[in-house]
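Here is the structure we will look at.
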Amino acid sequence: MMIKSCSIWPGLLATCGLLFLSISFNAQSRSNNPDTKPAQTIESLIDNEQLQINIKRLGQDNTIARQAVTFQVEVATNRWFSRGTRIEKFDLENAIVLPFDGMAFNSSRMIDGATWATQSRDITIYPLDEGEYSLPQIRVFVSVNTEHSGTVEGFWQLNPMNFSVSQPKQLALIDHYVVTDTFSVKQRSDFDKKADYQIGDSITQEVEFYAERVPAMMLPELAQMSVEGISVFDEEPILKDNQSRGEFSSSRHQTRTYIFEQAGNYTMAEQTFYYWDPSKNTLKTRKLPGFNIEIASDPNQQQKPRKNEQIAPIPTIPWERVFGVIVLVTLVIISIRKRQEILGFYKQVTRYQRRQYRRAYISSCHDGNYRQSCEYLYRYLRTGGERYSTLHRYFPIEPQRTYLQELVALAYDINEPIPEKKLVTRGSFARRKMLSLLKPERLAKERVWEDRELLNINPRQCPND
């Protein structure tokens, strides 16, 4: 039995030696084989004509200010996409870049007799002024499946794209307009021509702006109105952007309330809104009709007695008590019927609405909702002693002027166009700055206002002066 086991060992040793030599030979031949391919990258796939990444401009070349300019980024592969494509966000000075994080367009086409899978994404830009524009080197993330290397992904940088923007002469003196061939203004109001309006009554006006191929943030808004004897309150507008089957549209819904505080005749002027029809190269308008209204004095207000008018007393009847009871009953009836007006008068005397705006402004700042902070701050200041058409006019001097610009930058995520004065566009608003804006200084006389293009994006809160 011992002899048999010893005779097996030489055979096992020979077999192991041959296996080791075979593995070493195969490894050496594989390392010396020039056909062995290294790991593939996005660059190598493009060089080997297995991947194409292109950018092109869609539509016409002649563009006017505030008109949409669309570029299409197309990625094509002879295999298929693994995790798809993605375009990194970028900013363009003096232009609005719409978000492009939505769905991509998937399709296929024939290239050199073979079927390639394609994925396209659109980049839409709205230049605000005329001039020369240049897209930055946009980075595109690509993830595709290859035949030998599995999933290959990485970034590819596109070449810059230049385009020009002009402006027709008809638009030179117009402050605000949109570029579209479909624009409408609809109004709904509870104003009744036959009604007898009195002090304390109110009417509500709802206006909706609608346009195609224009973002909601670029739609016009109702003009600011200041009428002595009438309080005007604007609710926060509702903006909507809709996209369906490649068609893009938007709407802006704005509600305004008029509260009558003094008797008299009032005229609300009509408003005109402009838009440029690119299909006909024509300036067009849409009008919001005005209205006239007469506010009568309170019929329950007792008339003053005439001079030298005497009433002969009757000693047999206690007229003082009768008159007191009548007055008391009248006050009770008036209080029941006019309880809403009395409550409104109490709030006005105690400055209830102003205190509510102040509290809402501070709360919005603490919560980081800076858009509402701008709106509440404007309403708070409007209920004070001074009334101006824009929030910016309340702060003519530093440092409050800079504080307001920082708040607007946080609210709308915009950048300061002056490099020497950069604003923080991310973060929180300091409490001392927040409280400082509640006590604006008086306007300086004969002061030259600065032209700040930064505030063009939302002229409602802080327009150019």
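All values below were derived from every heavy atom in this structure, side-chain atoms included, with hydrogens, water molecules and symmetry-related copies excluded.
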Is the number of heavy atoms from other residues, nucleotides or ligands within 6.0 Å of [atom1] ([X]) greater than 12?
| X | atom1 | value |
| --- | --- | --- |
| Asp192 | CG | yes |
| Glu270 | CD | yes |
| Arg358 | CZ | no |
| Asp175 | CG | no |

If I compare all heavy atoms of [X] with all of [Y], which pair ends up nearest, and what's the gap?
| X | Y | value |
| --- | --- | --- |
| Val165 | Asp129 | CG1-O, 3.5 Å |
| Leu128 | Tyr133 | N-OH, 3.8 Å |
| Leu437 | Tyr403 | CD2-CB, 3.9 Å |
| Leu391 | Phe395 | O-CD1, 3.6 Å |
| Gln205 | Tyr258 | OE1-OH, 2.9 Å |
| Gln167 | Glu130 | N-OE1, 3.6 Å |

Hey, is the main chain of [Y] close enough, under 3.5 Å, to the side chain of [X] for a donor-acceptor pair?
| X | Y | answer |
| --- | --- | --- |
| Gln67 | Pro278 | no |
| Thr118 | Ser107 | yes |
| Glu375 | Glu235 | no |
| Tyr275 | Thr182 | no |
| Ser436 | Arg432 | no |
| Arg252 | Leu239 | no |
| Ser373 | Cys365 | yes |
| Arg382 | Arg387 | no |
| Glu398 | Thr402 | yes |
| Arg121 | Ile87 | no |

Using a 4.5 Å cut-off on heavy atoms from C-beta on, say whether the side chain of [Y] contacts that of [X].
| X | Y | value |
| --- | --- | --- |
| His366 | Met434 | yes |
| Gln405 | His392 | yes |
| Thr85 | Val73 | no |
| Leu435 | Arg431 | yes |
| Lys433 | Pro399 | no |
| Tyr376 | Gln356 | no |
| Ile125 | Leu135 | yes |
| Val142 | Val152 | no |

Which residues pass the salt bridge (charged side-chain N to carboxylate O under 4.0 Å, His left out) test with Glu206, sequence neighbours left out?
Arg188
Within 45° of the ring axis of Tyr380 and under 6.0 Å from its six-membered ring centre, is that where the NZ or CZ of Arg354 lies?
yes
Partner residues of [X] under the ring pair (Phe, Tyr, Trp, His ring centres under 6.0 Å) criterion, sequence neighbours left out:
| X | value |
| --- | --- |
| Phe141 | Phe155 |
| Tyr126 | none |
| Tyr266 | none |

So that I can tick it off, tell me whether Lys56 and Glu74 are bridged by a salt bridge, with the cut-off set at under 4.0 angstrom between side-chain N and carboxylate O.
no
Rounded to the nearest 0.5 Å, how far does CD of Gln271 lie from CD of Gln187?
9.0 Å
Kindly compute the distance separating OG1 (Thr204) from CD1 (Ile259), expressed to the nearest 0.5 Å.
8.5 Å
Yes or no on side-chain contact (heavy atoms from CB on, under 4.5 Å) for Leu51 and Val75, after CA distance, side-chain angles and deciding distance?
CA-CA 7 Å; Leu51 182 68; Val75 181; 3.9 Å; yes
Ile230 vs Phe260, side-chain contact (heavy atoms from CB on, under 4.5 Å): CA-CA, chis, key distance, verdict:
CA-CA 5 Å; Ile230 298 180; Phe260 310 120; 3.9 Å; yes
Between the side chains of Tyr378 and Gln224, does any donor sit under 3.5 Å from an acceptor?
yes
Review item, side-chain donor-acceptor pairs of residues 207-219, under 3.5 Å, at least two apart:
{"unit_1": "Arg213", "atom_1": "NH2", "unit_2": "Asp181", "atom_2": "OD1", "d": "2.4"}
{"unit_1": "Arg213", "atom_1": "NH2", "unit_2": "Asp181", "atom_2": "OD2", "d": "3.1"}

In sequence, state the C-alpha distance, the side-chain angles, and the governing distance for Leu158 and Asn54, and then conclude on side-chain contact (heavy atoms from CB on, under 4.5 Å).
CA-CA 8 Å; Leu158 298 171; Asn54 301 308; over 6 Å; no
Going by salt bridge (Lys or Arg N to Asp or Glu O under 4.0 Å), name the pairs with one or both residues in residues 80-90, residues two or more places apart or in two chains.
Arg83-Glu153, Glu88-Arg139, Lys89-Asp101
Show your working on side-chain contact (heavy atoms from CB on, under 4.5 Å) between Leu171 and Ile64 and close with a plain yes or no.
CA-CA 10 Å; Leu171 301 175; Ile64 68 172; 4.3 Å; yes
Apply ring-ring contact (aromatic ring centres under 6.0 Å, His included) to Phe291 and Phe191, showing your working.
CA-CA 9 Å; Phe291 59 92; Phe191 171 67; 5.0 Å; yes
Just say parallel, tilted or perpendicular for the rings of Tyr394 and Tyr388, cut-offs at 30° and 60°.
perpendicular
